[in-house]
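Remarks on the structure that follows.
Protein chains get the first letters and strands the later ones, always in sequence-line order, with residue 1 at the start of each.
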Amino acid sequence: MSTNDNTETPDKPTESVDFIRSIVAKDVASNKHGGHVVTRFPPEPNGYLHIGHAKSICLNFGIAAENNGKCHLRFDDTDPTKEDVEYVESIQHDVKWLGFDWGDNLFHASDYFPRLYDFAVELVKKGKAYVCDLSLEHMRMMRGTVKEPGQASPNRDRSVAENLDLFARMRNGEFDEGSKTLRAKIDMAHPNMLMRDPPLYRIRKTPHYRQGDKWCIYPMYDFTHCLSDSLEDITHSICTLEFENNRAVYDWVLDTLETKARPHQYEFARLNLSHTVMSKRKLLQLVREGLVDGWDDPRMPTIAGLRRRGVTPEAIRTFCEQIGVAKANSMVDLVQLEFSIRDDLNRRVPRVMAVLRPLKVVIDNYPAGDGEDLEATNYPDDPPKMGSRKVPFSKILYIEESDFMEDPPKKFFRLAPGQEVRLRWAYLITCTHIVKDDSGKVIEVHCSYDPETRGGNAPEGRKVKGTIHWVSAQHAVDAEIRLYDRLFSVAKPDAEEDFKKAINPDSLETITAKVERSLRDAKPGERFQFERQGYFCRDSEITDRLVFNRTVALRDSWAKMVKSGTT
RNA sequence: UGGGGCGUAGCCAAGUCUGGUAAGGCACCGGUUUUUGGUACCGGCAUUCCCAGGUUCGAAUCCUGGCGCCCCAACCA
């Protein structure tokens, strides 16, 4: 038997990585692309980023960082009818806020328009692209169906010279919108519909938010994306599953143009989260129809919404790591996100006391007057970490309505007639009697306190099972509290006939609470744990009064017991 | 017999190429600690991998045949 310490390599299980990281690792090991790794996050600036994008951002920037590579931020801005600077600004802000840095690598597909045009001319010269006169409807008719081959365009065999001339004139604005397109010449009978001579350029007499009216023809996704990747020396072009069919076009363009850099596309399953919607169209609808308060409504799955709600970038990043990257369509339960949020906030925010639904408590044997200041620890699990504060105590207090029951079940450890409870950081009190109003509602709870228990310390041998939070009535300040809950009451709003009918009517409840004095100085965006309630964040937009947003509630095993009837 | 993908626990997800006897996380259920019914910690939770055959000493992994779900017929990305 050896007495040596653990110098042998422990038999720890190897960290499993996702299939994309495996491919990247293999490529680095085999020195493909010279051992370099360059990825990119390519949003179209036509909407706000949401947590689904965060998954892609974490993947792309993460892989680059892990391999000493780079990740470009590239705006895929080739449709002037939908894009806007408002979106490019919000996207940059959100990516930065999430904690990622693209350095000098900020690009716009629209900056490649001249080079893309040259590539298109080259394709024409190779006899691999042609100008087509078919209308949108006509082209659709001739494309065939998934089971039947398509028909060739009457213009498919135009001469190179004529195509060159026509394409140049398209660029010069000589033709009407929709009257002509430049199409790849691939195979009208190809089983992959996307390979049936896909349009590469269309005429759009719309100014571009960045290029102004320099162009009246715009390249399409299938032509732009692969070439942009190649131009930027991207090594691994990572996108979502719905682009799997596009990979054939991606490869065709790069191979027939014989570009120097040869990136490859890999697809993973996009994030679906329960109890919310993620499509830009539906999100936009919620905003436009006033069903939510804007893109940054704390109920929205947008990065802006999560931020305003009080979620940290770290929580979003660990969430994205936890859910993994694979190819199976799946739906992640919202509780998984909530876990990541709590797990992060638990370790980093100070605890304070706030009474959401106040019930008056009178300590009959406590002297009237200004009371006294008591010491409260900001972070009980590691007191030195966040220090402590003074909280004022006096004869009249507020406690949570739910912390008192006149006729409690056996396992109710809070306040009840004759029952003793600890006031957090203060004293042990015992309920002596109660006062009701005409309707029979309890409006005042009278208690006696034990002066020997200052600070909440129970004397030797005395067991107090319950500890509740409180605020001093004369010192507490009013605050508006917004209690947010899931936006939809069903797990899959997308599966509903009308997703808007599935909106949770209780997704927002606004109340006025009594919060401890120290919260007067909370800064916009500052986060706290309201003890025994949840994590809250002072609203960053409304600052003329105290408004707190509930980020997420604490786990509540008492509520669980009540619900399951085990009390 | 259009093509391209996917199917492992209530939810994510390793493992599949290179058969050796089902990682991890969330949720859930017990227990310990606790001045938050929070946190932390400990333990439990798939005799079985969509189904049916086959190969093999041995199959989630290989073979054959089914079934189910997703994507593709925008001059969107």
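The base of B/U36 does not come close enough to the side chain of A/Q533 for any donor and acceptor atom to sit less than 3.5 Å apart. With hydrogens and angles left out, the side chain of A/R555 and the base of B/G37 share no donor-acceptor pair within 3.5 Å. Below the 3.5 angstrom threshold, one finds a donor paired with an acceptor across the side chain of A/Q336 and the base of B/G25.
One interatomic measurement links the two molecules: CG of A/N346 to P of B/U36, which rounds to 13 Å at whole-angstrom precision. Atoms CG (A/L337) and P (B/G25) sit 19 Å apart, rounded to a whole Å. Atom NE2 in A/H469 sits about 10 Å away from atom C1' in B/U36, given to the nearest Å. For the pair A/F339 CZ and B/A13 P, the interatomic distance rounds to 18 Å; values are reported in whole Å. The distance between atom CG of A/D382 and atom C1' of B/U34, rounded to the nearest whole Å, is 15 Å. Distance A/D494 CG to B/C69 P: 18 Å, rounded to the nearest Å. Regarding A/E321, its CD atom lies at a distance of 15 Å from the C1' atom of B/C26, rounded to whole Å. Nucleotide B/C76 holds its P atom 13 Å from the CG atom of A/L200, rounded to whole Å.
By the stacking rule of 5.5 Å between ring centres and under 30° between planes, A/Y221 does not stack on the base of B/A77.
Checked against a 6.0 Å centroid threshold, the rings of A/F339 and A/F319 do not count as neighbours. If you look at A/H264 and A/Y250, their ring centroids are not closer than 6.0 Å. For A/Y218 and A/Y117, the ring centers are positioned 6.0 Å apart or more.
Summarising the base pairing, B/U64 is matched to B/A52 through a Watson-Crick or G-U wobble pair whose two defining distances lie under 3.5 Å. Pairing for B/C76 is absent, judged as Watson-Crick or G-U wobble with the two contacts each under 3.5 Å. Of the nucleotides present, B/G5 is the one that pairs with B/C69 by Watson-Crick or G-U wobble criteria, both distances under 3.5 Å.
For A/W425, there are no ring-ring contact (aromatic ring centres under 6.0 Å, His included) partners at least two apart in sequence or on another chain.
Among the atoms of the strands shown, only primed sugar atoms or phosphate atoms (P, OP1, OP2) are found under 4.0 Å from some heavy atom of A/T78. Residue contacts shown for A/N457 include a base, since a base heavy atom lies under 4.0 Å away. Here A/E531 lies in heavy-atom contact (under 4.0 Å) with a base. Counting non-hydrogen atoms under 4.0 angstrom, A/F412 reaches a base of the nucleic acid. Residue contacts for A/S557: at a heavy-atom cut-off of 4.0 Å it reaches the sugar-phosphate backbone alone, with no base atom in range. Heavy atoms of A/E177 sit nowhere under 4.0 angstrom from any nucleic acid atom. Residue A/I468 is classed as having no contact, given no heavy-atom separation below 4.0 Å to the nucleic acid. Looking at heavy-atom distances under 4.0 Å, A/M331 makes contact with sugar-phosphate atoms alone, never a base. Counting non-hydrogen atoms under 4.0 angstrom, A/R342 reaches nothing in the nucleic acid. Here A/N46 lies out of heavy-atom contact (under 4.0 Å) with every strand.
The shortest heavy-atom contact between A/T566 and A/K411 is O-NZ, 3.4 Å.
The shortest distance between the side-chain N/O atoms of A/S330 and the OP1/OP2 oxygens of B/C11 is not below 4.0 Å. Between A/K560 and B/C28, a side-chain N or O to OP1/OP2 separation shorter than 4.0 Å is present. When the side-chain nitrogen and oxygen atoms of A/T467 are compared with OP1 and OP2 of B/U34, none of them lie within a distance under 4.0 Å. Taking 4.0 angstrom as the limit, A/R247 places none of its side-chain polar atoms (N or O) nearer than this to OP1 or OP2 of B/G4.
The shortest side-chain heavy-atom distance between A/F413 and A/W558 does not fall under the 4.5 Å cut-off.
Comparing the same atom, P, in B/C29 and in B/U64 gives a spacing of 45 Å after rounding to whole Å. For the C1' atoms, the distance linking B/A60 with B/G15 amounts to 8 Å, nearest Å. Here the separation of B/G25 from B/A14, taken at their C1' atoms, is 11 Å to the nearest Å. Rounded to whole Å, the C1' atom of B/U61 lies 10 Å from the corresponding atom of B/C17. Spacing between B/C45 and B/U39 at atom C1', rounded to whole Å, works out to 23 Å. For B/C42 and B/U33, the P atoms lie 15 Å apart once the distance is rounded to whole Å. Taking atom P in both B/C51 and B/C67, one finds a spacing of 15 Å when rounded to whole Å. Rounded to a whole angstrom, the distance from the P atom of B/U36 to that of B/A23 is 36 Å.
Checking B/G38, B/A40, B/C76 against every side-chain atom of A/R351, the shortest atom distance belongs to B/G38. With distances taken from any side-chain atom of A/A328 to the nucleotides B/G7, B/A27, B/C12, the minimum falls on B/G7. In the set B/C12, B/G37, B/C76, B/G37 carries the atom at the smallest distance from any side-chain atom of A/K411.
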Hey, what are the protein-to-nucleotides 70-74 of chain B N/O distances that come in under 3.5 Å?
| from | atom 1 | to | atom 2 | distance (Å) |
| --- | --- | --- | --- | --- |
| B/C70 | O2' | A/N329 | ND2 | 3.2 |
| B/C71 | O2 | A/N245 | ND2 | 3.3 |
| B/C72 | O4' | A/N245 | ND2 | 3.1 |
| B/A74 | OP2 | A/R140 | NE | 2.9 |

Between N or O atoms, less than 3.5 Å apart, protein on one side and nucleotides 14-21 of chain B on the other: list the pairs.
| from | atom 1 | to | atom 2 | distance (Å) |
| --- | --- | --- | --- | --- |
| B/A14 | OP1 | A/V325 | O | 3.2 |

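For the ring pair (Phe, Tyr, Trp, His ring centres under 6.0 Å) test with A/Y201, the passing option among A/F167, A/F119, A/Y130 is A/F167; the others fail.
A/E86 and A/Y48 form a side-chain donor-acceptor contact under 3.5 Å, judged by distance and modelled atom types alone.
With hydrogens and angles ignored, the 3.5 Å screen pairs no side-chain donor or acceptor of A/R424 with any backbone N or O of A/T467. Side-chain N or O atoms of A/H208 include one that pairs as donor or acceptor with a backbone N or O of A/R210 at under 3.5 Å.
A salt bridge is defined here as a Lys NZ or Arg NE, NH1 or NH2 lying under 4.0 Å from an Asp or Glu carboxylate O, and A/R347 with A/D382 fails to meet this definition. A salt bridge is absent between A/R357 and A/E400: the closest approach of a Lys/Arg side-chain nitrogen to an acidic carboxylate oxygen does not fall below 4.0 angstrom. With respect to A/E420 and A/R462, a salt bridge is recorded, a charged nitrogen being found less than 4.0 Å from a carboxylate O.
Mapped onto RNA chain B by nearest heavy atom, A/R422 and A/Y201 fall at different nucleotides, with A/R422 at the one closer to the 5' end.
Ring pair A/Y449/A/F393 is tilted by interplanar angle, where 30° to 60° counts as tilted.
Using a 90° window around 0 for the glycosidic torsion, B/A74 falls inside it and is classed as syn.
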